[in-house]
**Student:** 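One structure follows; several queries about it will come next.
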Amino acid sequence: MAPSRPGVNSIKAEDFDLNATLSCGQVFRWRIHDGRWYGLIDNAAIRIRQIGKRIEYSSSRPIEPERIRGYFNLGVDLDGILKSIDKDKHIHKAISGFRGLRIIRQEPAECLISYILSSNNNIPRINTLIERMSACFGERNEKLNGVSFHTFPTLKRLSSECEDGLKACGAGFRVPYVKETARKVSSEKGFFDRLKGLGYEAAKESLIGLKGVGDKIADCVLLFSLGKNEAFPVDVWIKRAVDEFYFKGKKSTLRDCASFGREHFGEYAGYAQEYLYCYIRSQKFQ
DNA sequence: CAGGTC
DNA sequence: ACTGG
């Protein structure tokens, strides 16, 4: 495959929906502007759009097309995955509504910190918080088409930053979580690679050992950055969906929903989670 | 109250 | 608990 050059690159993307993938809440920093998405991959600013079965992108620094494919998980057999989770009428409708949604392979460190910041917080506020922290502590400022993108701060930087700096960004009570977890993770070389090598349960246990990381955030990190597709993160939206579609008004706990999701949908429960998330939110916001 | 956690 | 869409 030809290496990326300055200007516009085009790559094939079958069974893919860029909009669904970037607006389903799995990743925080992508923004749409004039029909194109802007974000960062490997600390390069990217502008990207979909035209039929191709995606067109340009970047602030050269990026291999293979890397773009990897980031959007275009190599996995989405059709096979969707067939495996298509077990009832509810998920079936969710799949038909958002077909082409793929789970992104995020940077683990950024994913972990971002989801720590998400706890007991609302989405618009999480977004501005992440942008402020990147503007303050990101190492680089990538420019593309006159727009600047601050890279996400490294764990080392976050762990050495004084509390006041993080507090000023609006992180509130999450400041000690961020600092302590950043310190602990960056002190072990290859922490995330080690977790990738573990099974779902063992990797989850390691994550839950970190400050500010509980069941839900651990599942997000496992699913969105460590390739554990059986993870089924249960946030308030997924709880609403599972209660409404599968538990029919019965009282349930977050644990009930999570274990139901993993057992009902199986090996690729994480994909079911994302489709349900989009589906239930589209119902409430219509 | 809000993509939970301690 | 922080804090503001």
Side-chain angles (χ1 to χ4, degrees), chain A residues 20-31 94 98 101 103-104 106-108 110-133 135-136 152 158 161-185 204-226 228 231-245 252-262 269-285:
Chain A
T21 298
L22 289 178
S23 45
C24 68
Q26 58 178 321
V27 66
F28 288 99
R29 298 193 69 195
W30 288 89
R31 299 291 175 267
F98 299 94
L101 189 169
I103 289 179
I104 291 175
Q106 300 184 37
E107 209 72 45
E110 173 173 345
C111 184
L112 172 62
I113 299 299
S114 297
Y115 276 98
I116 287 176
L117 296 173
S118 79
S119 72
N120 192 231
N121 208 343
N122 60 58
I123 291 172
R125 251 192 101 228
I126 299 163
N127 289 331
T128 58
L129 175 51
I130 291 172
E131 288 313 313
R132 276 207 285 261
M133 288 194 24
C136 289
F152 193 84
L158 290 172
E161 194 52 44
C162 66
E163 304 236 336
D164 294 349
L166 298 173
K167 201 118 192 175
C169 294
F173 67 88
R174 306 164 195 85
V175 168
Y177 300 165
V178 170
K179 276 206 68 163
E180 174 58 18
T181 288
R183 186 197 60 75
K184 193 167 166 188
V185 172
K204 184 166 182 177
E205 211 171 310
S206 288
L207 286 171
I208 288 179
L210 300 167
K211 272 251 170 178
V213 181
D215 214 65
K216 189 264 179 181
I217 291 175
D219 274 335
C220 288
V221 175
L222 289 165
L223 177 61
F224 300 140
S225 72
L226 300 179
K228 307 298 182 195
F232 190 84
V234 179
D235 60 29
V236 292
W237 291 98
I238 292 300
K239 181 154 192 328
R240 278 171 207 164
V242 171
D243 285 347
E244 179 180 335
F245 299 148
S252 79
T253 65
L254 295 170
R255 284 181 63 86
D256 294 335
C257 294
S259 51
F260 167 82
R262 287 196 298 274
Y271 279 80
Q273 188 268 5
E274 279 306 288
Y275 280 84
L276 285 175
Y277 180 92
C278 286
Y279 183 54
I280 192 82
R281 280 178 65 103
S282 73
Q283 283 191 341
K284 303 297 175 186
F285 285 140

**Student:** What is the distance, to the nearest angstrom, from the OH atom on A:Y115 to the P atom on B:dA2?
**Tutor:**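 Going from A:Y115 (OH) to B:dA2 (P), I get 18 Å.
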**Student:** Determine which nucleotide pairs with C:dG4, using a 3.5 Å limit on both distances of a Watson-Crick or G-U wobble pair.
**Tutor:** B:dC1
**Student:** Does the side-chain contact (heavy atoms from CB on, under 4.5 Å) test come out yes or no for A:K239 and A:K216, once each step is laid out?
**Tutor:** CA-CA 11 Å; A:K239 181 154 192 328; A:K216 189 264 179 181; over 6 Å; no
**Student:** Which is true for A:I116 with a 4.0 Å heavy-atom rule: it touches a base, it touches only sugar-phosphate, or it touches nothing?
**Tutor:**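 Nothing, no nucleic acid heavy atom in range.
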**Student:** With a 4.0 angstrom cut-off to heavy atoms of chain A, pull out the first and last contacting nucleotide of DNA chain C, in 5'-to-3' order.
**Tutor:**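 The contacted stretch runs from C:dA1 to C:dG5.
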**Student:** Take A:F152 and A:F28 through the ring-ring contact (aromatic ring centres under 6.0 Å, His included) test and state the conclusion after the steps.
**Tutor:** CA-CA 11 Å; A:F152 193 84; A:F28 288 99; 9.5 Å; no
**Student:** Do the side chain of A:N121 and the main chain of A:S118 share a donor and acceptor less than 3.5 angstrom apart?
**Tutor:** no
**Student:** So which atom in A:C111 and which in A:C220 form the shortest heavy-atom distance, rounded to 0.1 Å?
**Tutor:** SG-O, 4.2 Å
**Student:** Applying a 4.0 Å non-hydrogen cut-off, can you work out what A:L210 is touching in the nucleic acid: base, sugar-phosphate, or nothing?
**Tutor:** sugar-phosphate
**Student:** Do the side chains of A:K228 and A:D219 get close enough for a salt bridge, i.e. N-O under 4.0 angstrom?
**Tutor:** no
**Student:** When you match A:R240 and A:G212 each to their closest nucleotide on DNA chain B, which lands nearer the 5' end?
**Tutor:**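 Going by which nucleotide is closer to the 5' end, it is A:R240.
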**Student:** Between A:P124 and A:R174, which residue's closest nucleotide on DNA chain C lies nearer the 5′ terminus?
**Tutor:** A:R174
**Student:** Does atom CD of A:E205 have more than 12 heavy-atom neighbours, drawn from other residues, nucleotides or ligands, at distances under 6.0 Å?
**Tutor:** no
**Student:** Does A:N121 make a side-chain donor-acceptor contact with the base of B:dA2, cut-off 3.5 Å?
**Tutor:**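 No, no donor-acceptor pair under 3.5 Å.
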